[in-house]
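Data first, discussion second: the structure below is written as structure tokens.
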Amino acid sequence: MNEFDIETLAIRTGYQQTAEQENSEAIFPTSSFRYKSAAQAAARFSGEEKGNVYSRFTNPTVRAFENRLAAMEGGEACVGTASGMSAILSTFMGLLKSGDHIVSSQSIFGTTKVLFTKYLAKFGVEVSFVSQTELAEWKVAVQPNTKALFLETPSNPLTEVADLGALSVLAKKNDCLLIVDNCFCTPVLQKPLEQGADIVIHSATKFIDGQGRGIGGAVVGSEDLIEEHVRGFMRTAGPTMSPFNAWVFLKGLETLPVRMKAHCENAEQLAIWLAEHPAVEQVYYPGLESHPQFALANKQQKAGGGLVSFKVKGSQAEAWKVIDSTEMLSITANLGDVKTSITHPATTTHSRIEPEARLKAGITDNLIRISVGLESIEDIKKDLQKGLLHLV
């Protein structure tokens, strides 16, 4: 079905109808599967015969989600995992060994940074952090033992956009992998594999679900990298996606194209409004011409995305005043929901990062992040206005 547009792929790919002839995908909430004979069981466990073995690593509902997301991203294979963080963990544990080195953007999710510095370090994996947007820093940081370049673009929460084409050239030149977290754009807005990435990672919890119902992650790439290495780790270590969550995400993919379009439309309108507000110091949104990587974002992405961050005039007290004055918006660190959410990154999503590193990444005390939902844009503005007026 590769000849179909992404809107069709999101609805029609990845699932084989059962003998019941259902039109909506079935859920298979089973831990194990029965075999016709001992010989078939042996063949399944050895890998000689393809088929279901045990739901820790083979389940029809999870497989349907994996196949659909792989088709949408343009990858050969996909592994569904228990969370976005377990997708990152599975990728690096499956592909790296002690003595290997990662070059990572400094503008990554706070918990990912903790994973790198506190836990992967225990296994002898080194990490160097560089500016998301300064290619020269990436080049200097690469070492003979560098095995992967890692980033999320746009970044969270400042929406910094990295040049995927340039980083792909750098990765290939140094015989290492380019691994991209595509959580904020999804394959609807950006396809990193087409721009030279080797692996794409998702937190399915975010826009893929779209309604804040489940926790899950995914890793997409070539069959060799995914099946042999990442799925091998997932099978053994067990950070497994549940069949029910896989079904939720599978249904979420069906509406992802129309939702992303609506998220982007609302986010762009909100960013324009905030940029003109007297209580706002600076707005970060790739769809604004004032964004430092506006031209690059236009080249790599189909739209600006659903996240808008901004700095209010003041510090933490003023930022909290704006957040606490809202009545409709959800004060929560989750994102990608149809419900607009608002959070203070310095004390939530990035609070586990050392203050010096946080400031270096641009996470200041007056920064607010909004994941723009699908409510009326006028109602979103009105709710924010309550707090912003106190700062004028």
- What do the steps show when you test Asn366 against Thr364 for side chain to side chain donor-acceptor pair (under 3.5 Å), and what is the final call? CA-CA 6 Å; Asn366 63 338; Thr364 56; 2.6 Å; yes
- Task: Could you check Gln143 against Asn174 for side chain to side chain donor-acceptor pair (under 3.5 Å), going step by step and ending with a plain yes or no?
- Result: CA-CA 9 Å; Gln143 303 173 8; Asn174 291 278; over 6 Å; no
- Worked verdict on Lys206 versus Thr186 for side chain to side chain donor-acceptor pair (under 3.5 Å): CA-CA 10 Å; Lys206 310 302 191 296; Thr186 79; over 6 Å; no
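Between Leu9 and Ala71 the shortest heavy-atom distance is CD1-O, 3.7 Å. Lys191 approaches Met72 most closely through the heavy-atom pair CE-O, 3.0 Å. Ser131 and Glu137 make their closest contact through N-OE1, 2.9 Å (heavy atoms, listed as atom of the first residue, atom of the second, distance). Minimum interatomic distance between Val53 and Thr58 (heavy atoms only, all atoms of both residues): N-OG1, 2.8 Å. Annotation for Arg358 and Ile353: closest pair NH1-O, 2.9 Å, computed over non-hydrogen atoms. The heavy-atom pair separating Pro243 from Thr61 by the smallest distance is O-CG2, 3.4 Å.
Within a 6.0 Å radius of CD in Gln17, more than 12 heavy atoms belonging to other residues, nucleotides or ligands are found. Heavy-atom contacts from other residues, nucleotides or ligands closer than 6.0 Å to NZ of Lys381 number more than 12. The number of heavy atoms from other shown groups lying within 6.0 Å of NZ (Lys339) does not exceed 12. The environment of Lys261 atom NZ is sparse: at most 12 non-hydrogen atoms of other residues, nucleotides or ligands sit within 6.0 angstrom. Taking a 6.0 Å sphere around CD of Glu356, one finds it holds 12 or fewer heavy atoms contributed by other residues, nucleotides or ligands.
Taking the six-membered ring where the residue is Trp, the centroids of Tyr284 and His291 are separated by 6.0 Å or more. The aromatic ring centroids of Phe310 and Tyr285 lie 6.0 Å or more from each other. Taking the six-membered ring for Trp and the full ring otherwise, Phe92 and Phe150 have centroids separated by under 6.0 Å.
With sequence neighbours excluded, no residue forms a salt bridge (Lys or Arg N to Asp or Glu O under 4.0 Å) with Asp163. In this structure Lys122 satisfies the salt bridge (Lys or Arg N to Asp or Glu O under 4.0 Å) test with no other residue, sequence neighbours excluded. Scanning for salt bridge (Lys or Arg N to Asp or Glu O under 4.0 Å) contacts around Asp365 gives an empty result, with sequence neighbours left out. With sequence neighbours excluded, the residues forming a salt bridge (Lys or Arg N to Asp or Glu O under 4.0 Å) with Arg44 are Glu49, listed by chain and number. With sequence neighbours left out, Gln132 forms a side-chain hydrogen bond (donor to acceptor under 3.5 Å, both in side chains) with Ser105.
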Indicate every side-chain donor-acceptor pair of residues 315-324 with a distance under 3.5 Å to a residue at least two apart or in another chain.
| unit_1 | atom_1 | unit_2 | atom_2 | d |
| --- | --- | --- | --- | --- |
| Glu318 | OE1 | Ser315 | N | 2.7 |
| Trp320 | NE1 | His344 | ND1 | 3.2 |

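Between Glu126 and the options Leu120, Asn145, Thr117, a side chain to side chain contact (heavy atoms under 4.5 Å, CB included) holds for only Asn145. Each of Ile208, Val188, Thr13 was checked for a side chain to side chain contact (heavy atoms under 4.5 Å, CB included) with Leu253, and the lone residue meeting it is Ile208.
Linking Ile, Leu, Val, Met, Phe, Trp and Tyr residues whenever their side-chain heavy atoms come within less than 4.5 Å places Leu95 and Met85 in a single cluster. In this structure, Met241 is not a member of the same hydrophobic cluster as Phe28, with clusters built from ILVMFWY side-chain heavy atoms closer than 4.5 Å. By the criterion of side-chain heavy atoms lying less than 4.5 angstrom apart, applied directly or through intervening Ile, Leu, Val, Met, Phe, Trp or Tyr residues, Leu391 is grouped together with Ile368 in one hydrophobic cluster. Criterion: ILVMFWY side-chain heavy atoms under 4.5 Å apart, direct or through other members. Under it, Ile226 and Met234 are part of a common hydrophobic cluster. Under a hydrophobic clustering in which Ile, Leu, Val, Met, Phe, Trp and Tyr are joined whenever their side-chain heavy atoms come within less than 4.5 Å, directly or via other members, Phe294 and Leu189 fall into different clusters.
Counting heavy atoms from C-beta outward, Phe57 and Thr240 have side chains that stay 4.5 Å or more apart. Looking at Leu384 and Ile342, their side chains come closer than 4.5 Å, going by heavy atoms from C-beta outward. At least one side-chain heavy atom of His101 sits under 4.5 Å from a side-chain heavy atom of Thr146. At a threshold of 4.5 Å between non-hydrogen side-chain atoms, the residues Leu158 and Leu367 count as touching. The side-chain heavy atoms of Arg259 and Leu374, taken from C-beta on, include a pair separated by under 4.5 Å. The shortest side-chain heavy-atom distance between Ile380 and Val372 falls under the 4.5 Å cut-off. Side-chain atoms of Pro157 and Ile363, non-hydrogen and from C-beta on, do get closer than 4.5 Å to each other.
In this model, no donor atom of one side chain and acceptor atom of the other lie less than 3.5 Å apart for Asn334 and Thr332. Side-chain atoms of Thr8 and Arg12 include no donor-acceptor pair closer than 3.5 Å. Inspection of the Ser107 and Ser155 side chains reveals no N or O donor paired with an N or O acceptor under 3.5 Å. Side-chain polar atoms of Asn245 and Arg213 form no donor-acceptor pair below 3.5 angstrom. At a cut-off of 3.5 Å, with distance as the only test, no side-chain donor of Ser351 or Thr348 sits close to an acceptor on the other residue.
Judged by the 6.0 Å distance and 45° axis criteria, Lys113 is positioned over the aromatic ring of Phe129.
When atom types are taken as modelled, the side chain of Gln293 and the backbone of Val161 share a donor-acceptor pair closer than 3.5 angstrom. Judged purely by atom type and a 3.5 angstrom limit, Arg56 uses its side chain to pair as donor or acceptor with the backbone of Arg235. Judged by distance alone, with hydrogens and angles left aside, the side-chain atoms of Ser86 form a donor-acceptor pair with the main-chain N or O of Ala82 at under 3.5 Å. For the pair Tyr54 (side chain) and Asn59 (backbone), a donor-acceptor distance under 3.5 Å is absent.
Ring geometry, Phe65 versus Phe249: the interplanar angle falls from 30° to 60°, so the pair is classed tilted.
Ionic pairing of Lys386 and Glu327 is present here: one or more N-O contacts between side-chain nitrogen and carboxylate oxygen are shorter than 4.0 angstrom.
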